[in-house]
Amino acid sequence: VYKEVCASCHGLNRVAFRDLADLGYNEGQIKTLASGWATETPSINPDTGEAATRKSTAADKIPAPYANDIAARAANNNAAPPDLSLIAKARHGGPQYIYSLLIGYQAPPAKLAKEFPDSMPGKTTHFNPYFANLNLAMPAPLTAEGQVSYGEGAPKPTVKQMSKDVSAFLTWAAEPKMMYRKAAGVPTLIFLLIFAGLC
């Protein structure tokens with residue numbers, strides 16, 4: 001879902017392609033995914049010293065879709081799409097916030113439009129009650145069942161399922177080693193208790 005929908009506007013620049021091995025991808029799949037990524041990795045031409053791009057490798061971070069913030073704003077009505085690497089940790093509610101935001105697009109309530117006409121969405125914004133000021137520059141990214149293919153033989157995912165899956169992925173992206181850290185926490189606490197008793 002991230003690759004086919006979110007990556008067209010949002011970067012994930014704190015996650016390297018090789019980190020996807022934690023999700024069960026093998027080395028060949030990671031190399032194929034990296035080299036086939038829509039946006040190439042910025043580089044330097046060794047012969048001329050000029051800026052260039054090249055196909056990504058497993059060691060590269062997942063490249064942003066835009067060269068810089070100015071290009072991102074120019075392509076999105078002056079609203080730069082945020083990088084999603086830490087979005088699950090940066091927003092209160094984390095994955096629940098992301099899920100609610102993705103499925104929360106709707107027409108504004110008539111009562112709200114009547115009482116607060118200035119808060120209504122304009123031509124370039126969209127009403128979403130889960131966003132802080134109710135008006136979001138991003139249109140609904142997930143709009144139809146089966147918008148993303150989950151592979152041969154898999155049933156068509158619903159908008160709710162895709163939202164749930166990308167929320168889980170972005171939670172992992174924000175802290176890929178969380179499960180290892182939590183697993184190490186219990187033995188560490190036991191060691192500290194024994195050590196404190198000995199002291």
Side-chain angles (χ1 to χ4, degrees), residues 1-37 39 41-42 56-66 69 72 80-105 128-134 136 138 141-142 148-151 153-155 157-199:
V1 176
Y2 170 78
K3 182 186 177 206
E4 292 187 26
V5 180
C6 308
S8 61
C9 294
H10 297 276
L12 203 62
N13 64 20
R14 292 183 182 266
V15 179
F17 286 103
R18 66 177 166 212
D19 294 336
L20 298 174
D22 293 344
L23 297 178
Y25 288 89
N26 63 39
E27 188 178 341
Q29 290 172 318
I30 291 171
K31 285 181 179 178
T32 302
L33 183 66
S35 65
W37 200 258
T39 309
T41 299
S56 300
T57 66
D60 290 320
K61 303 284 187 187
I62 296 175
Y66 303 106
D69 193 51
D83 182 81
L84 297 181
S85 301
L86 299 174
I87 199 78
K89 290 176 76 173
R91 298 292 187 266
H92 180 72
Q96 295 85 4
Y97 167 80
I98 297 166
Y99 173 81
S100 298
L101 188 76
L102 291 172
I103 66 166
Y105 288 89
N128 192 316
Y130 297 99
F131 194 64
N133 70 359
L134 305 178
L136 186 58
M138 176 177 74
L142 300 171
V148 175
S149 173
Y150 272 36
T158 63
V159 170
K160 287 186 176 183
Q161 182 63 52
M162 291 183 285
S163 300
K164 183 178 177 183
D165 292 342
V166 80
S167 299
F169 172 71
L170 292 175
T171 300
W172 169 83
E175 203 167 350
K177 306 296 181 196
M178 180 174 61
M179 297 306 290
Y180 301 118
R181 186 173 49 79
K182 286 186 175 181
V186 173
T188 303
L189 287 174
I190 292 170
F191 168 76
L192 290 173
L193 287 172
I194 293 170
F195 185 72
L198 291 172
C199 288

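Worth saying up front: this structure is predicted, and the values here are computed from it rather than measured.
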Report all side-chain donor-acceptor pairs from residues 165-179 shorter than 3.5 Å, counting only partners two or more places apart or in another chain.
residue : atom : partner : partner atom : Å
Asp165  : OD1  : Gln161  : NE2          : 2.8
Asp165  : OD2  : Tyr150  : OH           : 2.5
Asp165  : OD2  : Gln161  : NE2          : 3.2
Ser167  : OG   : Tyr99   : N            : 3.2
Ser167  : OG   : Ser163  : O            : 2.7
Thr171  : OG1  : Ser167  : O            : 2.8
Glu175  : OE2  : Arg181  : NE           : 3.1
Glu175  : OE2  : Arg181  : NH2          : 2.4
Lys177  : NZ   : Asp22   : OD2          : 3.2

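- Between Ser56 and Thr39 the shortest heavy-atom distance is OG-O, 4.1 Å.
- To the nearest 0.5 Å, atoms CG (Leu189) and CD1 (Ile194) are separated by 11.0 Å.
- No donor-acceptor pair under 3.5 Å is formed between the side chain of Asn128 and the backbone N or O of Leu136.
- For the atom pair CD (Glu27) and OG1 (Thr32), the distance works out to 10.5 Å, reported to the nearest 0.5 Å.
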> Should Arg91 and Ile98 be marked as a side-chain contact (heavy atoms from CB on, under 4.5 Å) after you check the CA-CA gap, both sets of side-chain angles, and the distance that decides it?
Replying inline: CA-CA 8 Å; Arg91 298 292 187 266; Ile98 297 166; over 6 Å; no
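- Residue pairs satisfying the ring pair (Phe, Tyr, Trp, His ring centres under 6.0 Å) criterion with at least one member in residues 5-35, sequence neighbours excluded, are listed as follows: Phe17-Trp37.
- Surrounding CZ of Phe131 are more than 12 heavy atoms belonging to other residues, nucleotides or ligands, all under 6.0 Å away.
- To the nearest 0.5 Å, atoms CD1 (Ile62) and CG (Leu84) are separated by 10.5 Å.
- Using a 4.5 Å heavy-atom cutoff, the side chains of Leu33 and Lys3 are in contact.
- In terms of heavy atoms, Leu142 sits closest to Leu102 at CD1-CD1, 4.3 Å.
- Taking CG of Leu86 as the start and CG of Leu12 as the end, the distance is 9.0 Å to the nearest 0.5 Å.
- Contact record, Pro65 with Ser8: CB-O, 3.6 Å, taken as the closest heavy-atom pair.
- Tyr105 places a side-chain heavy atom less than 4.5 Å from the side chain of Met138.
- Between Pro129 and Leu134, the shortest heavy-atom contact is CA-CD2, 3.8 Å.
- Rounding to the nearest 0.5 Å places NZ of Lys61 at 7.0 Å from CZ of Arg18.
- To the nearest 0.5 Å, atom NZ of residue Lys31 and atom OG of residue Ser35 are 10.0 Å apart.
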